[in-house]
Amino acid sequence: MAHEEKDGYVPSEVEEKWQRLWDERGTNTFTAEELESADDPYYNLMMFPYPSAEGLHVGNIYAFTGADVHGRYHRLRGRTVFEPMGFDAFGIHSENFALKIGTHPMDLIPSNVSNFTRQLRRIGGMFDWNHSVDTTHPSYYKWTQWIFLQLFKAGLAERKEAPVNWCPPCMTVLANEQVVAGTCERCDAPVEQRRLAQWFFKITQYAQRLLDNLETIDWSSTTLKAQSNWLGRSTGAELHFPVVDREGEDTGDVVEVYTTRPDTVFGATYIVLSPEHPLVESVTDDGLRAPVYAYVDVATKKDLIARQKTDKSKTGVPTGGYCRNPATGELIPIWVADYVLMEYGTGAIMAVPGHDARDFEFAQQFDLPIRRVVAGPGENPDTPLPEAYVGPGALVNSGRFDGTDVSKSVDTVTAWASEEGWGEAKVNFRLHDWCISRQRYWGPPIPIIHCDNCGSVGVPESDLPVVLPRVEDFRPDDSGISPLARVEEWYKTTCPECGGAARRETDVSDTFLDSSWYFLRYPSADVDDAPFDSERTRRWLPVDTYIGGNEHAVLHLLYSRFITMVLKDLGHIDFEEPYDVFRAHGLIIRDGAKMSKSKGNVIVPDPIIEEFGADAFRTYLMFLGPFEEGGDYRAGGIQGPHGFLHRLWDSAVSASDEAADPDVERKVHQTIGQVTEQLPELGYNTSIAAMMECLNAIRSGGRTARRAEIEPLVVMIAPFAPHLAEELWERLGHEGSIFDGTNWPEFDADKAVESTVEIAVQVNGKRRGSIEVAADASEDVVVGAARADENVARHLADVEERRVIFVPGRLVNFVVG
RNA sequence: GCCGGGGUGGUGAAAUCGGUAAACACAGGGGACUUAAAAUCCCCCGGGCUUCGGCCCUUGCGGGUUCAAGUCCCGCCCCCGGCACCA
């Protein structure tokens with residue numbers, strides 16, 4: 001039920017009225033001409049939602065409101081703010097839901113989108129609905145396919161057979177970024193490794209640049225850190241260990257190892273190959289083939305969680321083969337063990353059990369020699385090691401390098417290895433190439449045609465889009481083959497190059513490719529003949545501020561940076577970082593716990609909006625905690641902002657025309673100063689608190705507000721409660737929208753200064769009183785007044801004063817002995 | 001294990017170039033107005049003691065620096081997030 005109060009403020013009516021007027025007047029939308037000629041453009045972006053059947057949840061509304069407040073603030077300051085919204089509607093989530101309820105995604109998505117659109121309007125976002133995108137629309141994914149082709153032509157998209165992450169319940173491969181601790185990020189099932197031919201984007205070629213540029217962008221530090229952790233740069237060396245036969249002669253094979261501690265090579269007492277390593281077969285002794293192959297077989301079939309568990313004891317088998325340690329000349333055995341991963345480095349390590357915890361554990365288990373080659377200060381080089389030593393010290397048992405400090409030894413030994421021709425410095429990244437093919441239905445078909453004569457051929461751009469056909473049986477299966485492979489009339493085609501019979505690629509692309517470029521599309525959403533109009537792109541991009549969740553720190557935010565870099569390198573755009581500023585918002589929890597359907601503590605926004613209005617809901621969400629840290633949603637909490645907005649209304653509609661009271665005016669200017677400083681930094685909760693305090697001062701003792709006092713508050717609340725502000729602005733006698741023109745109140749520091757200040761008086765650091773003095777009072781006057789305070793005087797009697805500390809405008813502290 | 005962020009009243013939280021801890025709200029208590037309710041306005045609201053003047057304690061724990069520490073330094077504990085058999 002809507003609140004009907006005697007002050008006449010009925011949120012639902014006010015909100016309906018202004019939402020209608022915004023639509024009618026085009027307050028929030030741009031025409032093509034406006035986009036192309038905007039003076040002071042500000043691109044305010046937020047992460048577009050996946051349109052679920054459940055509708056907007058509180059987390060969406062929280063994020064969008066926080067971003068909308070930001071956009072509206074800049075608009076009130078006179079910027080031309082473009083704030084688009086769209087739908088990320090391809091992907092497994094939609095497809096699975098459609099399967100579950102027995103409908104088709106092509107029917108499901110439009111109704112979800114229209115429900116989302118309704119809700120997004122209802123919460124009062126300043127969205128430009130003329131420039132919305134839906135990633136599932138052919139007019140959008142035509143260009144997603146175009147982007148694929150650009151990478152393909154540039155040699156950055158490659159189809160190769162490789163071990164990939166296979167999620168059995170989802171029946172598709174996953175990108176590395178979608179595997180969390182060995183499980184699928186969507187369904188939590190253990191991920192398996194499968195060898196399949198897949199399309200990869202060579203994001204690893206951009207690893208160094210993706211890392212370096214982190215220095216140049218203004219992002220939340222948590223997000224920057226997450227990205228650099230994900231990129232995982234490490235420096236070390238690749239060393240070559242020749243394989244030898246029984247007689248100690250080189251066989252010609254060489255085991256390449258990657259190590260971050262080449263300086264410990266004198267302590268390398270064995271070699272470990274990962275079970276997938278190509279040399280396993282050739283180094284294995286004939287007599288040991290059975291156990292080695294059995295081990296490899298078991299290890300490669302393990303799922304990722306089982307394989308990557310660190311708390312289990314290590315397993316492995318000797319191959320019977322040997323390498324020569326190039327530093328010592330010794331022959332050292334080659335083992336196969338699954339604690340070495342094929343995906344990282346070279347898939348082989350030199351084991352230095354003395355100085356690596358994992359190697360130490362393995363060596364103990366299999367009774368392999370442990371040799372100390374680093375000794376800490378004062379340590380005897382020959383004492384046995386109780387555990388791997390990784391601390392500071394100097395090399396020992398390392399021939400000519402004995403005594404070299406570990407701070408220099410990596411470089412020194414690497415230089416030697418390099419001179420001798422058995423190693424070189426090497427930088428490694430944890431980042432893998434981006435696997436973008438999905439053996440599912442609900443995505444953009446990858447625009448490739450396979451021809452027996454010509455190989456993989458890109459679909460000519462003039463033939464785009466490759467339309468996703470409506471297929472009633474779109475269930476995935478466990479074969480690793482896409483549902484589209486069952487649609488012969490769709491995949492049978494001719495080769496664009498030789499005209500011979502050919503077959504379309506039947507995999508679709510990862511959803512994250514859809515979202516990797518949507519911010520480029522928004523300004524050009526109404527353009528048919530290009531993915532992004534170059535004039536509009538120049539004017540609006542890169543994005544000024546992007547606000548979103550940190551759950552995308554290494555998925556969407558990394559992929560979109562990569563795609564942007566590629567488009568720059570290919571000459572399509574002239575910037576390489578898509579978002580100048582990124583801010584991660586916090587999460588809303590409920591009564592101290594994460595919201596989840598299973599806990600039954602999910603907040604359903606619609607009834608709250610119906611009861612209190614979008615303005616009160618928005619204001620409450622922004623008030624309940626620091627936006628960048630999130631907050632705890634409590635059912636009664638909305639009462640505070642709700643009452644505040646009603647009192648603001650009441651004071652505004654009954655305001656008198658008298659000149660502002662000087663004391664109140666001072667408070668108003670202090671508030672303007674504070675809010676103007678905090679709002680652009682996303683200090684929403686404290687801005688609202690300051691405005692509440694100000695209104696309390698205006699209304700103190702039941703006082704009638706004066707226009708000049710209340711009007712600045714009406715403008716400053718507008719980002720949070722836009723409908724209320726519009727209505728009050730109109731009732732205060734203004735024409736048009738409060739958001740047109742530059743209506744933000746001007747801060748006047750002179751009007752904010754206090755004539756008197758309260759000074760705390762301490763004796764030995766303990767507060768003994770406080771005094772009120774003129775703001776410009778001299779030290780002598782203040783200290784005199786402090787001494788005169790009755791309680792202070794008592795504490796100063798009978799003691800010796802040693803020092804007086806005076807902090808202007810703050811305190812006086814008498815230090816006594 | 002490594003790297004971030006955090007720990008403050010009954011509750012959500014303010015205050016960090018060191019300077020009156022708890023602003024602003026929620027919940028709770030009392031009062032004014034009202035036939036009543038709502039709305040509005042006023043007062044109380046970290047703990048203990050009090051001769052009602054004040055006094056003592058209090059920002060996860062233990063030390064330290066300082067006239068002065070929620071804030072800085074050292075050593076711990078706990079929570080949240082990122083990375084993780086990554087060589």
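Fair warning: this is a prediction, and the values are worked out from it, not measured in the lab. Lettering of chains follows the sequences in order, A, B, ..., and the numbering in each one begins at 1.
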Report task. Using a cut-off of strictly less than 4.0 Å, decide whether A/Y344 has a side-chain nitrogen or oxygen near OP1 or OP2 of B/A87. Result -> yes
Report task. Considering just the side-chain nitrogens and oxygens of A/R768, establish if one lies under 4.0 Å of OP1 or OP2 belonging to B/C55. Result -> yes
Report task. Look at the side chain of A/T346 and the backbone N and O of A/A348, then say whether any donor-acceptor pair between them is shorter than 3.5 Å. Result -> yes
Report task. Please report the closest heavy-atom contact between A/L385 and A/R372, naming both atoms and the distance. Result -> CD2-NH2, 3.3 Å
Report task. Evaluate the side-chain proximity of A/F720 to A/L679: yes if any heavy-atom separation is below 4.5 Å, no if none is. Result -> yes
Query raised in the report: Do A/N229 and B/G82 share a donor-acceptor pair, side chain to base, under 3.5 Å?
Result: yes
Requested in this report: Could you work out the separation of B/G12 and B/G64 based on their C1' atoms and round it to a whole Å?
Outcome: 34 Å
Requested in this report: Would you indicate what A/G702 reaches in the nucleic acid, counting non-hydrogen atoms under 4.0 angstrom: base, sugar-phosphate, or nothing?
Outcome: sugar-phosphate
**Report entry** Check: A/Y684/A/T65 side-chain N/O donor and acceptor closer than 3.5 Å
**Finding:** no
**Report entry** Heavy-atom pair of closest approach, residues A/S228 and A/L211
**Finding:** CB-CD1, 3.7 Å
Under 3.5 Å between N/O atoms: give me all the protein pairs with nucleotides 18-24 of chain B, atom names plus distance.
residue, atom, partner, partner atom, Å
B/U20, OP2, A/R810, NH1, 3.3
B/U20, O2, A/R767, NE, 2.8
B/A23, O2', A/E693, OE1, 3.2

Report task. Write down the distance separating the C1' atoms in B/G4 and B/C56, rounded off to the nearest Å. Result -> 40 Å
Query raised in the report: Does the side chain of A/R803 get closer than 4.0 angstrom to OP1 or OP2 of B/C67 through an N or O atom?
Result: yes
Query raised in the report: Which nucleotide in the list B/A27, B/C41, B/G82 gets nearest to the side chain of A/R647?
Result: B/C41
Query raised in the report: Looking only at side-chain N and O atoms, does A/K766 come under 4.0 Å of OP1 or OP2 in B/C57?
Result: yes
Query - Flag for A/N550-A/T222: side-chain donor and acceptor within less than 3.5 Å - result: yes
Query - Whole-angstrom distance between B/C72 and B/C17, as gauged at atom P - result: 9 Å
Query raised in the report: In terms of base orientation, is B/G9 syn or anti, with the syn window spanning 90° either side of 0?
Result: syn
Report task. Could you work out the separation of B/A37 and B/G31 based on their P atoms and round it to a whole Å? Result -> 12 Å
Query raised in the report: Within the structure shown, what part of the strands sits under 4.0 Å from A/L624 by heavy-atom distance: base, sugar-phosphate, or nothing?
Result: sugar-phosphate
Report summary line: A correct dot-bracket answer for RNA chain B, with pairs being Watson-Crick or G-U at under 3.5 Å, [ ] for crossing pairs and | for inter-strand pairs, is (((((((..(((......[....))).(((((.......))))).((((....))))..(((((..]....))))))))))))....
Requested in this report: Determine the Euclidean distance between corresponding P atoms of B/A32 and B/G48; express it in Å to zero decimal places.
Outcome: 28 Å
Query - Between B/G19 and B/A68 - P atom distance, rounded Å - result: 14 Å
Report task. Flag the pair A/D663 and A/R666 as a salt bridge only when some basic side-chain nitrogen lies within less than 4.0 angstrom of an acidic carboxylate oxygen. Result -> yes
Report summary line: Closest non-hydrogen atoms of A/V254 and A/L279, given as atom of the first, atom of the second and distance, are O-CD1, 3.4 Å
Where do N or O atoms of nucleotides 50-53 of chain B meet protein N or O atoms at under 3.5 Å, pair by pair?
none

**Report entry** Smallest separation among heavy atoms of A/W434 and A/I203, with atom names
**Finding:** N-CG2, 3.7 Å
Query raised in the report: Between A/S234 and B/A87, does any side-chain N or O lie under 4.0 Å from OP1 or OP2?
Result: yes
Query - A/G630 versus A/Y62, closest heavy-atom pair with distance - result: CA-OH, 3.5 Å
Query raised in the report: Roughly how many Å is it from NE2 in A/H552 to P in B/G82, rounded to a whole number?
Result: 13 Å
Query raised in the report: In whole Å, what is the span from the CD1 atom of A/I271 to the C1' atom of B/A87?
Result: 11 Å
Query raised in the report: Ignoring hydrogens and geometry, is there a side-chain-to-backbone donor-acceptor pair from A/Q227 to A/A553 under 3.5 Å?
Result: yes
Query - Nucleotide nearest A/V815 when distance is taken to its side chain, options B/C67, B/A27, B/C41 - result: B/C67
Query - Rounded distance in Å between the C1' positions of B/U20 and B/U71 - result: 15 Å
Query raised in the report: Which is true for A/P626 with a 4.0 Å heavy-atom rule: it touches a base, it touches only sugar-phosphate, or it touches nothing?
Result: sugar-phosphate
Query raised in the report: How would you label the contact of A/G232 with the nucleic acid (heavy atoms, under 4.0 Å): base, sugar-phosphate, or nothing?
Result: nothing
Query raised in the report: Quick one: A/Y270 OH to B/A87 C1', roughly how many Å, whole number?
Result: 11 Å
Report task. Could you check A/I638 against A/W230 and say which one's nearest nucleotide on RNA chain B is further toward the 5' end? Result -> A/I638
Report summary line: Whole-Å distance, A/M691 CE to B/A25 C1', equals 14 Å
Requested in this report: Mind calculating the distance between CZ (A/R703) and C1' (B/C42) to the nearest angstrom?
Outcome: 17 Å
Requested in this report: Mind calculating the distance between CD (A/E185) and P (B/C83) to the nearest angstrom?
Outcome: 11 Å
Query raised in the report: OP1, OP2 of B/C55 versus side-chain N and O of A/H795: anything below 4.0 Å?
Result: yes
Query raised in the report: So, the side chain of A/D615 versus the backbone of A/L724: is there a donor-acceptor pair under 3.5 Å, distance only?
Result: yes
Query raised in the report: Looking only at heavy atoms, what is the nearest atom pair of A/I547 and A/G66, with distance?
Result: CD1-O, 4.3 Å
Query raised in the report: Taking NE2 from A/H642 and C1' from B/A38, how many angstroms apart are they, rounded to a whole number?
Result: 11 Å
Report task. If the glycosidic angle is within 90 degrees of 0 it's syn, otherwise anti, so just tell me which one B/G81 is. Result -> anti
**Report entry** RNA chain B: 5'-proximal contact among A/N550 and A/K225 (nearest heavy atom)
**Finding:** A/K225
Requested in this report: Just call it for A/V804: base, sugar-phosphate, or nothing, with non-hydrogen atoms closer than 4.0 Å on any strand.
Outcome: nothing
Report task. Evaluate the criterion salt bridge (Lys or Arg N to Asp or Glu O under 4.0 Å) for residue pair A/R787 and A/E801; output intermediate values, then yes/no. Result -> CA-CA 11 Å; A/R787 250 186 251 287; A/E801 255 182 56; 2.5 Å; yes
**Report entry** Rounded C1' spacing from B/G75 to B/U65 in Å
**Finding:** 15 Å
Query - Distance below 4.0 Å between A/R261 side-chain N/O and B/A87 OP1 or OP2 - result: no
Report summary line: In whole angstroms, the gap separating C1' of B/A15 from CD of A/E629 amounts to 14 Å
**Report entry** Salt bridge flag under 4.0 Å for residues A/K667 and A/E709
**Finding:** no
